Amino acid sequence: AQTVTQSQPEMSVQEAETVTLSCTYDTSENNYYLFWYKQPPSRQMILVIRQEAYKQQNATENRFSVNFQKAAKSFSLKISDSQLGDTAMYFCAFMKQRGYGQNFVFGPGTRLSVLP
Amino acid sequence: DAGVIQSPRHEVTEMGQEVTLRCKPISGHDYLFWYRQTMMRGLELLIYFNNNVPIDDSGMPEDRFSAKMPNASFSTLKIQPSEPRDSAVYFCASSFKGLPTDTQYFGPGTRLTVL
């Protein structure tokens, strides 16, 4: 079974600074997808970024980028120029290439606070 | 589009009562998902539908839970009878074709408290 670990339950960062959230996973699959989701205080889950394991190039979405290390099974999220609106829970998630169902596994989350 | 709509936003009930949670997916989305979020277990997929047909319900915790999708624009998750350990936030999400490259859009969730 796949597992996703986020070793930082809470983090904080000053506005405009850069922060990196860690995620590691365990799988025997070779092809899969990794995700970062954001859950702000409004509770709604929002997709931040997605990485396909067969792509060596790290995904980027504006101020959000990932460092995907397939051999190390590591998938960290870097937030540049942090904004107050980035305050949220961040969940790392894993999905087998086959798609949804029980193949979609979420980590326990990291609570990020952006300080003014 | 208004996004995924869930009702009610909050539900407080007593143990033993029937609870029905409702979801309206984004129009045109073929896939609908029900999730449960608790402090102890995190976010778990309960069941998902493709074109109104349940595809995988292996995440449903027990027979007290049931989900239906009578048409493309409406789904329910029912708990009967409810128990205090069912207290959680229940999310509904939908996606276009259910592929890993499709984005799942989540609703705002229903916070259920069973006393």
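Predicted, not measured: the structure shown is a model, and the values here were computed from it. Here is the naming used below: chain letters follow the sequence lines, and residue numbers restart at 1 for every chain.
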When heavy-atom pairs shorter than 4.5 Å are enumerated against chain A, which of B:R9, B:E44, B:M39, B:R41 gives the highest number?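 Between B:R9, B:E44, B:M39, B:R41, the count favours B:R9.
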
Below 4.5 Å from any heavy atom of chain A, which atoms of B:Y105 appear? Answer side chain, backbone, both or neither.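 For B:Y105, there is no contact with chain A at all, as no heavy atom is under 4.5 Å.
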
Using non-hydrogen atoms and a 4.5 Å limit, figure out which bit of B:I55 sits close to chain A: side chain, backbone, both or neither.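 It is neither, since no heavy atom gets under 4.5 Å.
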
Reported OH-to-CZ distance for the pair B:Y35 and A:F106, which is rounded to 0.5 angstrom: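 It is 5.0 Å, given to the nearest 0.5 Å.
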
With rounding to the nearest 0.5 angstrom, report the CE to CG distance, A:M95 to B:L99.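 A:M95 atom CE to B:L99 atom CG measures 9.5 Å (nearest 0.5 Å).
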
For A:Y32, is it the side chain, the backbone, both or neither that has a heavy atom under 4.5 Å from a heavy atom of chain B?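 For A:Y32, neither part sits under 4.5 Å from chain B.
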
Set out, in order, the CA-CA distance, both residues' side-chain angles and the distance that settles side-chain contact (heavy atoms from CB on, under 4.5 Å) for B:T101 and A:Y33, then state yes or no. CA-CA 9 Å; B:T101 48; A:Y33 294 79; 4.0 Å; yes

Is it true that [X] and [Y] fall in one hydrophobic cluster, defined by side-chain heavy atoms closer than 4.5 Å?
X     : Y      : value
A:L77 : A:L84  : yes
B:I5  : B:M69  : no
B:M15 : B:L112 : yes
A:Y90 : A:V13  : yes
B:F74 : B:F49  : no

Taking all non-hydrogen atoms of both residues into account, name the closest pair between A:K96 and B:P100 and its distance.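 It is O-CG, 4.2 Å.
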
Evaluate whether atom CD of B:E14 has more than 12 neighbouring non-hydrogen atoms of other residues, nucleotides or ligands under 6.0 angstrom away.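 Atom CD in B:E14 is not crowded, with 12 or fewer foreign heavy atoms closer than 6.0 Å.
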
Looking at B:N71, I want to see if its CG is surrounded by more than 12 non-hydrogen atoms of other residues, nucleotides or ligands under 6.0 Å.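 Correct, the count exceeds 12.
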
Let's test your reading of the structure: which of A:R43, A:Q44, A:M45 forms the most heavy-atom pairs below 4.5 Å with chain B?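 Highest number of heavy-atom pairs under 4.5 Å: A:R43.
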
Begin from the C-alpha positions of B:Q104 and A:F35 and carry the test side-chain contact (heavy atoms from CB on, under 4.5 Å) through to its verdict. CA-CA 11 Å; B:Q104 275 194 39; A:F35 305 79; over 6 Å; no

